[in-house]
Student: 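Sharing a structure here in structure tokens format.
Scope of the values below: all heavy atoms of this structure, side chains included, with no hydrogens, waters or symmetry mates. Proteins get letters first, then strands, A, B, ... in listed order; numbering begins at 1 in each.
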Protein chains: 2
Amino acid sequence: MEQFVADTLKDHNLRTTTCRTEVLGTFLNKEVALSHGDLEGALGDQFDRVTIYRTLKTFLEKGIIHKVLDDEGVRYALCKDRCTEHDHHHDHIHFKCTNCGQTNCLENVHIPAVQLPDGYRANELNLLIQGRCPECVA
Amino acid sequence: MEQFVADTLKDHNLRTTTCRTEVLGTFLNKEVALSHGDLEGALGDQFDRVTIYRTLKTFLEKGIIHKVLDDEGVRYALCKDRCTEHDHHHDHIHFKCTNCGQTNCLENVHIPAVQLPDGYRANELNLLIQGRCPECVA
DNA sequence: ATATGATCTGCAACACTGTTGCATGGTAAA
DNA sequence: TTTACCATGCAACAGTGTTGCAGATCATAT
Ligand SMILES: [Mn+2]
Ligand SMILES: [Mn+2]
Ligand SMILES: [Zn+2]
Ligand SMILES: [Zn+2]
């Protein structure tokens, strides 16, 4: 995994710094969408808040992570497809469990086509489904 | 319209105060999704920020408005269907124009059914489509 | 291995968002 | 008109996100 992190950073022409390595590693470990606050919590006092914000911004721009909309603040998740700077192409849904609070990408569940009224030009879709995840349904 | 505002408040067992009247009136006038900041701007210094926050929260709880997810902060829009406290039932999409910045409800465009993997229980859907609105396509 | 320049980081400061407690003022109903 | 209840304004606070700048760190070329 450490190798994957190093490669990913190199592939995107980013210097391998401790913060970037740790943040990317955290996304790989947790496998759920993370907020800035989640990262701060996971990484302790290792890094300044601002550095984490900037790391997220950089990863976003490079297409390493994508935003996950939420009714109580933005989260971020790894891009599985190869996205590039300002050209994210995601069509999977995001599921937020209202019980355990976890949000994740359901990469295999695609957003169905939507017929927009005349004149509208669609660019980016974002579908959040809230409910109960399998672990919390029981 | 003033009558409609008064009726709506009464229907939801809310006292008719100036702030509530003005906020509800603003939603009716503007016909787009509004953020707290938009309302502050539209209403000038008439009311304290906190009062506007509390008005939004009250309207949300009563089912007068619903949240509209956005990648840069939550907005709110009027509920057309009769929603009740904690029982919002919306299945229309929200469209945000990346050019003029306006977000609105496309009440007639419904969110298609989504087949979730086994074990997931869906409750609430939120689909935001970003792109260009008819006025900005030209 | 070292020097160099580009870039990343931490810190400080700031603006904006959202919440809470409390005293005061307004509303609706008797 | 009185009264009880509720909404408002103000103050204070925690959280979020941005920027400027000086110093540290990284990648590269010597
Ligand atoms: Mn995703
Ligand atoms: Mn809507
Ligand atoms: Zn769950
Ligand atoms: Zn537009």
Student: For B:Gly37 and B:Leu14, find the nucleotide of DNA chain C closest to each by heavy atoms; which residue's nucleotide sits nearer the 5' end?
Tutor: B:Gly37
Student: How many angstroms lie between atom CD1 of A:Ile64 and atom CG of A:Leu14, to the nearest 0.5 angstrom?
Tutor: 5.0 Å
Student: How long is the line joining CG of A:Leu39 and C1' of D:dT16, in whole Å?
Tutor: 14 Å
Student: Rounded to whole Å, how long is the line connecting atom CG of B:Asp45 with atom P of D:dT8?
Tutor: 17 Å
Student: Return the nearest nucleotide to the side chain of A:Lys57; candidates are C:dT9, D:dT18, D:dG9.
Tutor: D:dT18
Student: In whole Å, what is the span from the OH atom of B:Tyr53 to the C1' atom of D:dC10?
Tutor: 16 Å
Student: In a check of side chain to side chain contact (heavy atoms under 4.5 Å, CB included) between A:Phe47 and each of A:Arg54, A:Glu22, A:Arg20, A:Glu40, which one passes?
Tutor: A:Glu22
Student: D:dT16, C:dA28, C:dT19: which one has an atom nearest the side-chain heavy atoms of B:Thr16?
Tutor: C:dA28
Student: In whole Å, I'd like the distance from the CD atom of B:Gln46 to the P atom of D:dC10.
Tutor: 14 Å
Student: Using the side-chain heavy atoms of B:Val50, tell me which of these nucleotides is nearest: D:dC10, C:dT7, D:dA7.
Tutor: D:dC10
Student: The side chain of A:Arg54 is closest to which nucleotide in this list: D:dA7, D:dT19, C:dA6?
Tutor: D:dT19
Student: Ring pair (Phe, Tyr, Trp, His ring centres under 6.0 Å) for A:His94 and A:His66? Distances and angles first, verdict last.
Tutor: CA-CA 11 Å; A:His94 294 138; A:His66 61 278; 5.3 Å; yes
Student: Please work out if A:Glu40 contacts a base, only the sugar-phosphate, or nothing of the nucleic acid, heavy-atom cut-off 4.0 Å.
Tutor: nothing
Student: Whole angstroms only, please: what is the CZ-P distance between B:Arg49 and D:dC10?
Tutor: 12 Å
Student: Among residues two or more places apart or on two chains, list those pairs meeting salt bridge (charged side-chain N to carboxylate O under 4.0 Å, His left out) that have a residue in residues 63-73 of chain B.
Tutor: B:Asp70-B:Arg75, B:Asp70-B:Lys96, B:Asp71-B:Lys96, B:Glu72-B:Lys96
Student: Whole angstrom is fine here: how far is it from NZ in A:Lys10 over to P in D:dC26?
Tutor: 14 Å
Student: As a test of reading the structure: which of C:dT27, D:dC10, C:dG18 is closest to the side chain of B:His36, going by heavy atoms?
Tutor: C:dG18
Student: Closer than 4.0 Å, any side-chain N/O of A:Thr17 to the OP1 or OP2 of C:dT9?
Tutor: yes
Student: Check the hydrophobic clustering (I, L, V, M, F, W, Y; side-chain heavy atoms under 4.5 Å; chains of links allowed) and say if A:Phe95 and A:Val137 are grouped together.
Tutor: no
Student: Write down the distance between CG (B:Asp48) and P (D:dA11), rounded to a whole number of angstrom.
Tutor: 9 Å
